[in-house]
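In what follows, a structure is listed as structure tokens, so that the remarks can point back to it.
Proteins get letters first, then strands, A, B, ... in listed order; numbering begins at 1 in each.
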Number of protein chains: 2
Amino acid sequence: MVRSGIISLASRRTGLSNPLVEKLGHFVKLAPPDRQMIQRISSERTRDFGAREDIIQEGDRPEHINLILSGWACRYKVLEDGRRQVIAFFLPGDLCDLNLFVLRQMDHSIGAITSVTLSEISRSGFDELMLAHPRITQGLWWESLVAAATQREWAVNLGQRDATERMAHLFCELFLRLRTVGLARENSIDMPLTQSELGEATGLSAVHVNRTLQELRALGLIVLKDRTLTIPDFGALKDVALFNANYLHLEHEGRHLDANEA
Amino acid sequence: MVRSGIISLASRRTGLSNPLVEKLGHFVKLAPPDRQMIQRISSERTRDFGAREDIIQEGDRPEHINLILSGWACRYKVLEDGRRQVIAFFLPGDLCDLNLFVLRQMDHSIGAITSVTLSEISRSGFDELMLAHPRITQGLWWESLVAAATQREWAVNLGQRDATERMAHLFCELFLRLRTVGLARENSIDMPLTQSELGEATGLSAVHVNRTLQELRALGLIVLKDRTLTIPDFGALKDVALFNANYLHLEHEGRHLDANEA
DNA sequence: CGTCCCCTTGAATGAAGTCAATACGCGTGG
DNA sequence: CCACGCGTATTGACTTCATTCAAGGGGACG
């Protein structure tokens, strides 16, 4: 596994601010020192991965927390016979694994989808963050609970929705999540996933993903071309998907935590 | 449904101790004061629910953490059109919601399956626990990470496994989880779930659950009768299910945390 | 004794998977 | 420059798995 280390690209790609700052800002009000702290910690040790490269493999015992700075990654599991399920997508601003300080080894893998730049946050860096910056701590709690809620929603998606609804739901989620880190345009986002990867995430065969996409296109719900997904009418897609954004807890819910504002 | 006997049965089965004590003991070595603390806190305020009764509903803002003392419950979500997905099962020793101190409202519901006795742990009681008993804190981290891992495994189950594998997998999981709280007999467990509930958990129709169960029976993999599930050959069921227990992290992984033993 | 819930079974339908062939774009090396 | 290979997308025909609809059985309970 090649693991070089180029630092500068990331900040250029995501604009000036850090995607985690951007994301947490939707939940808690971060003071300038909070932002600087996140900024600092997430640029201390960055690392680049090529597309398709594994970031962490099942059985590893990782030593740090990974923060995605740019690119897409995914959490996945492979059955003995090779079937693969993508369990979650990681977008810029997402933290990969808070669990690793407690559990002995990874029970799944994390792989880059596009090329990825991430920041490796050490245990001590993390503790420092939590101790000195309660606002960030609150934000990280929020992030981790939303990740759990998203995981639950995926179970609903896989268990109850049919192919069309499932695909539509995934697109709704990705659009909103990218928007909270400033990576959505008016009504479109980058869509680096191949049809086969979409299938691994939705539990559908690649062939059926293809047909499902065509259906969504025919209904005028999406435009998907040149690795760009456009959603002309989000409300319409949302209705088809039976999508309810509650589980993303985006409504700036943390305001009540700002009582003792700086 | 008369279930008065069940409560006393449970405590007899788990011995004197509390299912949470039993469970955490698989991960961290609890000292007598730790056990007493859990015991005390979980008997402070208990509450009973009838079978099928909702414990928490979507939209609620719960004020405490619920610890299941006896009975089965589930986390579930309902789509606008009524389709229902069970997202997780709660067994004795399971904690329902650590999230409620951060997120504004529940994005799903929790319902009793059998009659349930649970303990309502207040925020302050919880803080007390965490502050004075680092061993318990570690254990609770483990419990919450395993719950997350289980949630991920469900996504794999729903996304990749066919009906037979899926059902077999669920049975393997329930058996092992009940065993870690002392509620499994040699090779059998109570199985209070109706076929329709099994369907809601596995994303299958009740009719197909029925046929799937028959298949598992015909293969000699399970005996399911009188609300009791017997697994004559766990290894065989495990193979059919492509079940890998890693995700439950049962191997007493927390031993390394016992360095400063009392 | 009837009702309700749960389980069971059969037949028909429908959704998604598999297999296989073809097309397209892109980069590489001849 | 073009041929080739490779990964990705598309399409059709067929199969398999699971759902739906419908009917009937059994046990618990009022």
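In this entry the distance linking CD of B:Q195 with P of C:dC5 reads 16 Å, nearest Å. Per the geometry, CD belonging to A:E197 stands 14 Å off C1' belonging to D:dA9, to the nearest Å. Atoms CG (A:L193) and P (D:dT8) sit 12 Å apart, rounded to a whole Å. Put simply, CG on A:L198 is 13 Å from P on C:dG17, counting in whole angstrom units. Per the geometry, CD belonging to A:Q214 stands 15 Å off P belonging to C:dA16, to the nearest Å. What separates CG of A:N210 from C1' of D:dG7 is a distance of 15 Å, to the nearest Å.
Counting only distance, with no hydrogens or angles, the side chain of A:R217 and the backbone of A:I222 share no donor-acceptor pair below 3.5 Å. Here the side chain of B:Q160 pairs no donor or acceptor atom with the backbone of B:N157 at under 3.5 angstrom.
Side-chain contact between B:F243 and B:L237: absent, with no pair of heavy atoms (C-beta onward) separated by less than 4.5 Å.
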Exercise. Yes or no on side chain to side chain donor-acceptor pair (under 3.5 Å) for A:Q214 and A:N210, after CA distance, side-chain angles and deciding distance?
Worked result: CA-CA 6 Å; A:Q214 311 223 20; A:N210 184 291; 2.6 Å; yes

Problem set entry | Stepwise side chain to side chain donor-acceptor pair (under 3.5 Å) test for B:T164 and B:E215 | CA-CA 8 Å; B:T164 314; B:E215 194 196 337; 2.9 Å; yes

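A salt bridge is absent between A:E200 and A:K77; no separation between the charged side-chain nitrogens and carboxylate oxygens falls under 4.0 Å. Salt bridge annotation for A:K23-A:E143: present, with a cationic side-chain nitrogen under 4.0 angstrom from a carboxylate oxygen.
Residues from residues 216-229 of chain B with heavy atoms under 4.0 angstrom of DNA chain C, sorted by number: B:R217, B:R227.
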For this session: Determine, for nucleotides 16-22 of chain D in 5'-to-3' order, which nucleotides have protein heavy atoms under 4.0 Å from the base (write B), from only the sugar-phosphate (write S), or from neither (write -).
Result: --SBBB-

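A ring-centre distance under 6.0 Å is not found for A:Y247 and A:W154.
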